[in-house]
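Worksheet: the structure to be examined is printed underneath.
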2 protein chains.
Amino acid sequence: MTDIINRPDASDGDEREARKEAVRQGIELLFFAYRDFTAEPDAILAEYGFGRAHHRVVHFVGRHPHMTVGELLGILRITKQSLNRVLGQLVRQGFIMQQRGAQDRRQRLLLLTERGRELEERLSAPQRARVGAAYKKAGAAAVEGFRKVLLGIIADEDDRRRFAPPRPPRR
Amino acid sequence: MTDIINRPDASDGDEREARKEAVRQGIELLFFAYRDFTAEPDAILAEYGFGRAHHRVVHFVGRHPHMTVGELLGILRITKQSLNRVLGQLVRQGFIMQQRGAQDRRQRLLLLTERGRELEERLSAPQRARVGAAYKKAGAAAVEGFRKVLLGIIADEDDRRRFAPPRPPRR
DNA sequence: CCGGATAAGTCAATATGACTGACATAATTA
DNA sequence: TAATTATGTCAGTCATATTGACTTATCCGG
């Protein structure tokens with residue numbers, strides 16, 4: 001269960017050190033990848049006078065239409081005061097619409113407008129290109145590993161549940 | 001006339017859609033993983049009145065002792081004014097030492113003090129635990145895939161070069 | 001050896017994204 | 001009806017980042 005690698009001639013100390021170094025490299029890889037992964041959308045956002053927070057809102061509302069403000073707060077893990085400035089700008093400038101909830105009329109269900117979809121498309125394009133190219137280059141097996149490790153890093157069980165296998169076997 | 005319904009082997013259109021969805025999931029996975037990956041150190045940093053920027057500096061100086069200020073700026077991709085506030089605090093509070101460069105005396109080579117090493121250890125412990133557990137759970141093949149994909153996401157060739165294979169064949 | 005380039009540091013002003021705390025409103029639910 | 005919940009808002013603060021201008025010390029090429 002613990003055998004990461006089968007090495008007959010390494011001592012436990014070396015083994016542990018090598019593993020520790022591998023983990024530290026993983027940490028650093030995450031930093032670099034995230035840094036570059038956000039750089040291109042950030043440049044586009046600047047045109048609109050928006051920041052990374054706006055991207056996150058547009059992304060999640062795009063992927064989960066009719067989500068509530070509370071759900072969005074739970075995903076982003078920020079306060080409603082922080083969200084409100086960003087969300088308010090997006091609503092006032094016509095990127096996001098709010099609909100009264102049908103069952104619970106206190107809820108404001110969030111939706112992208114046409115303009116919002118265009119923005120989402122522009123912002124995600126460089127990220128999709130970057131990640132898509134990395135996927136293609138690394139191959140399907142590597143992508144499976146990438147997903148597995150990232151899922152292991154995510155703390156919250158509910159958040160992990162968002163990620164069903166990419167192609168669930170139908171029937 | 002693309003028949004959506006009854007198809008054992010997917011058409012190109014479906015194939016493309018599935019791939020696009022897989023890439024979008026990857027983007028989201030990166031967001032969630034990075035969010036959780038930074039949450040625990042952030043709480044520790046708050047005890048010191050520090051922020052994430054201090055963590056990054058302590059991390060890179062710890063991993064690359066005697067690095068110059070310019071190298072650090074290149075890695076972090078921030079302005080020297082931004083770095084200076086953070087670095088200055090760390091130096092003044094005894095977490096980082098600066099040594100004059102031997103060849104080039106304009107350089108201030110950066111080093112962790114004992115206190116700095118302790119801080120680095122505290123900050124990295126939860127990250128190492130989280131990433132280490134994810135590695136262990138996912139297995140060696142998955143880790144290889146994780147590394148491959150993240151390397152593909154990193155834009156800069158010089159940055160990619162930092163990541164030699166975790167166990168280079170000695171001899 | 002002089003002058004330009006480079007490494008580092010600094011001052012000032014500004015923007016963004018986050019926080020805490022307090023409070024308001026409307027709607028749901030017990 | 002009363003408590004709770006979903007959302008929104010006002011006010012103040014902090015950390016991180018920016019641009020732009022400038023200084024000091026040092027290096028290096030002509």
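Predicted, not measured: the structure shown is a model, and the values here were computed from it. Each chain gets a letter, A, B and so on, in the order its sequence line appears, and its residues count up from 1.
A heavy atom lying under 4.0 Å from DNA chain C marks none of the residues of residues 57-71 of chain A.
Atom CG of L45(B) and atom C1' of dC19(C) are 15 Å apart (whole Å). Distance, D104(A) CG to dT4(D) P: 17 Å, rounded to whole Å. Counting to the nearest Å, the C1' atom of dA15(D) and the OH atom of Y48(B) are 18 Å from each other. Rounded to a whole Å, the CG atom of L76(A) is 18 Å from the P atom of dT16(C). Remark: C1' of dA6(D) and CG of L73(A) are 10 Å apart, rounded to the nearest angstrom. Summarising the geometry, the separation between CG on L83(B) and P on dA7(C) is reported as 15 Å, rounded to the nearest angstrom. Rounding to whole angstrom units, CG of residue N84(B) and P of dG9(C) are separated by 6 Å. Here the P atom of nucleotide dA6(D) and the CD atom of Q107(A) are 7 Å apart, to the nearest Å.
The side chain of R100(B) contributes an N or O atom lying less than 4.0 Å from OP1 or OP2 of dT26(D). Put simply, S82(B) has no side-chain N or O that comes within less than 4.0 Å of OP1 or OP2 on dT16(D). The side chain of H54(B) contributes no N or O atom lying less than 4.0 Å from OP1 or OP2 of dA15(D). In this model, the phosphate group of dG17(C) is approached by a side-chain N or O of R85(A) to a distance below 4.0 Å at OP1 or OP2.
Side chain of Q81(B), nearest nucleotide from dT26(D), dT16(C), dA12(C): dA12(C). Distance from the side chain of T79(A) is smallest to dC19(C) among dC19(C), dG8(D), dC22(D). Checking dT28(C), dT26(D), dG9(C) against the side-chain heavy atoms of Q98(B) singles out dG9(C) as nearest.
Here the side chain of R56(A) pairs no donor or acceptor atom with the backbone of L76(A) at under 3.5 angstrom. A donor-acceptor pair is defined here as one N or O able to donate and one able to accept, closer than 3.5 Å; no such pair exists between the side chain of R108(B) and the backbone of T68(B). Proximity of a side-chain donor or acceptor of R35(A) to a complementary backbone N or O of I75(B) within less than 3.5 Å is detected. H54(A) contributes a side-chain N or O that, together with a main-chain N or O of G51(A), makes up a donor-acceptor pair within less than 3.5 Å.
Contacts of G49(A) with the nucleic acid, taken as non-hydrogen atoms under 4.0 Å apart, involve only primed sugar atoms and P, OP1 or OP2.
Partner of F37(A) under the side-chain contact (heavy atoms from CB on, under 4.5 Å) criterion, out of I154(B), L150(B), I27(B): I27(B) alone.
Taking the ring centroids of F50(B) and F95(B), they lie under the 6.0 Å cut-off.
When each of L87(B) and Q89(A) is assigned the nucleotide of DNA chain C with its nearest heavy atom, L87(B) is the one assigned upstream, toward the 5' end. Heavy-atom distances to DNA chain C give each of R77(A) and K80(B) a nearest nucleotide, and the one nearer the 5′ end belongs to K80(B).
Judged by atom type and distance alone, R106(A) reaches the base of dT5(D) through a side-chain donor-acceptor pair under 3.5 Å. On a pure distance criterion of 3.5 Å, no polar donor-acceptor pair joins the side chain of R108(A) and the base of dT7(D).
Side chains of Q25(A) and R63(B) form a contact here, defined as non-hydrogen atoms less than 4.5 Å apart.
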**Request:** Evaluate the ring-ring contact (aromatic ring centres under 6.0 Å, His included) criterion for residues F60(B) and F32(A): first the C-alpha distance (whole Å), next the side-chain angles of each, then the deciding distance (0.1 Å), finally the verdict.
**Result:** CA-CA 12 Å; F60(B) 282 106; F32(A) 282 106; 5.7 Å; yes
